[in-house]
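Note sheet for the following structure.
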2 protein chains.
Amino acid sequence: MPREMDRRAARTRKALHQALLALMLRKGYEALSVQDIIDEADIGRSTFYAHYTGKEDLLRSGFQMLREELKEAQSAASAGAEASHDDPLGFSAAMFEHAARYADHYRTMIGGRGGTVTENEIRLILSEMVRQELPPTLHGDAVPRDFVVQFIVGAFLTTLNWWFERKPKLSPSQVDAIFRRLALEGLSQLIGDERRQVDRPDASRDTA
Amino acid sequence: MPREMDRRAARTRKALHQALLALMLRKGYEALSVQDIIDEADIGRSTFYAHYTGKEDLLRSGFQMLREELKEAQSAASAGAEASHDDPLGFSAAMFEHAARYADHYRTMIGGRGGTVTENEIRLILSEMVRQELPPTLHGDAVPRDFVVQFIVGAFLTTLNWWFERKPKLSPSQVDAIFRRLALEGLSQLIGDERRQVDRPDASRDTA
DNA sequence: ATGATAATGGACAGCTTGTTCGGATTTTCG
DNA sequence: CGAAAATCCGAACAAGCTGTCCATTATCAT
């Protein structure tokens, strides 16, 4: 791999990435043909195949950057609050921040537009992040560990999708609050179920 | 729509549905061509287009049956336990039973194999079911109603996918128990977070 | 500037799609 | 049973996409 890339190559790749992003927002990934991409980017056919093996390759390479940056955000977040195992979803705020900054990219990945490949990819990334944050032991063995991971990742994706589609005006921290409320405390509190009326921990733990 | 269908037409459609199911289990939906389907079903090209406008049409028509049966299962479940608003996820057990019976169908719809169309379709079906079961008012206005719906649907799908991919031996009721544990009570109880150690309601409510 | 290197655009064969025929076959109904 | 009606079939089509090849052109290092 060439550490420094020819300027032409760099420009070509950038153009392709931009074209892909724009088209995915418009038509979704699956409906896209290589033809569409090179038309949008105004790039020759063979040029495309000189750089990537197909649209999936192009897509994946686009993830690389996001993936690394997200990992950094996680590190930063769980380093700040060393209480990683105390608040195992502590990095959720950082994640929503990151999503807000790259809203367009996330939008293409999540919900209908993304398609199978994209969905899988982001699931893997998030899964690993969650797995790291999760404490080594869970109370009781009733709920398998890998299920918990999947559950959280699913909740992330659901939240992101709802955010972008329904309430794009909400700030990352607002979304994070809603997410945590539901994922951490569960549905019982929200739903009828008066009996359990939960003597809630009075929510005055610390700052908010 | 012909109330009674010509036997030949019925056979053709059945063959196409079976072919689609088999191929989706093998290769997934997106990767499928009409060519593959008619080869597998041993049906002429023009015959296919005489019945359906394309593979998506065929797919959707396959849902019809499942959709109706699932609705019935829901009705039955929430009729038995009239406490619909008391235990708003009371039909979850019925849903997992249904999924177990039509495991092959569900398997094609969920997780990688399904593709975008399928995923959307099942999301819609489940969303409506959940929306009906949800009580008219939620405690506090912190969490928007439609978000709760999406959250539950997402949890369903996550659970189904995990079940099929990782622990296909589990019984519907076992899966349901795990699901309810996480969705209703939330993560706090499972995860470190010793402080909140929840004075749990002693779980001796009534029958189980 | 000049040769070496790499990106580029256009053209190619192979495949899938969706449509349109006429003819063969099966079903339905009298 | 027998005829009319409906359905299936196979072939052939234009159009579109895919992935590869090669000659041309632009950039890089010296």
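By convention in this document, chain letters (A, B, ...) are assigned in the order of the sequence lines, proteins followed by strands, and residues within each chain are numbered from 1.
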Give a yes-or-no answer on whether the side chains of [X] and [Y] include a donor-acceptor pair shorter than 3.5 Å.
X: A:Arg166; Y: B:Gln150; answer: no
X: A:Glu40; Y: A:Gln18; answer: no
X: A:Ser61; Y: A:His51; answer: no

Without decimals, in angstroms, what is the distance between [X] [atom1] and [N] [atom2]?
X: A:Tyr52; N: D:dG19; atom1: OH; atom2: P; result: 16 Å
X: B:Ile38; N: D:dC8; atom1: CD1; atom2: C1'; result: 13 Å
X: A:Ile37; N: D:dG16; atom1: CD1; atom2: C1'; result: 16 Å
X: A:Gln35; N: C:dT16; atom1: CD; atom2: P; result: 18 Å
X: B:Phe48; N: D:dC9; atom1: CZ; atom2: P; result: 13 Å
X: B:Leu16; N: D:dT7; atom1: CG; atom2: P; result: 15 Å
X: A:Lys55; N: D:dC17; atom1: NZ; atom2: C1'; result: 11 Å
X: B:His51; N: D:dA6; atom1: NE2; atom2: C1'; result: 11 Å

Would you call [X] and [Y] a salt bridge, using N to O less than 4.0 angstrom?
X: A:Arg101; Y: A:Glu97; value: no
X: A:Arg131; Y: A:Asp146; value: no
X: B:Arg67; Y: B:Glu121; value: yes
X: B:Glu165; Y: B:Arg107; value: no
X: A:Glu128; Y: A:Lys71; value: yes

Response to the item:
Of the listed C:dT8, C:dG18, D:dC8, the closest approach to the A:Ala50 side chain comes from C:dT8
Worksheet entry | Aromatic plane relationship, B:Tyr102 with B:His105 - under 30° parallel, 30 to 60° tilted, over 60° perpendicular |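 Perpendicular: the ring planes of B:His105 and B:Tyr102 meet at over 60°.
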Does a side-chain N or O from [X] land closer than 4.0 Å to OP1 or OP2 of [N], or not?
X: A:Thr53; N: D:dG19; result: no
X: B:Tyr49; N: C:dG18; result: yes
X: A:Ser33; N: D:dG16; result: no

Hey, what are the protein-to-nucleotides 23-30 of chain D N/O distances that come in under 3.5 Å?
unit_1 : atom_1 : unit_2 : atom_2 : d
D:dA26 : N3     : A:Arg8 : NH1    : 3.4

Please produce a list of atom pairs where a protein N or O lies less than 3.5 Å from an N or O of nucleotides 9-13 of chain C.
unit_1 : atom_1 : unit_2  : atom_2 : d
C:dG9  : OP2    : A:Gly44 : N      : 2.8
C:dG9  : N7     : A:Ser46 : OG     : 2.1
C:dG9  : O6     : A:Ser46 : OG     : 2.3
C:dG10 : O6     : A:Ser46 : OG     : 3.0

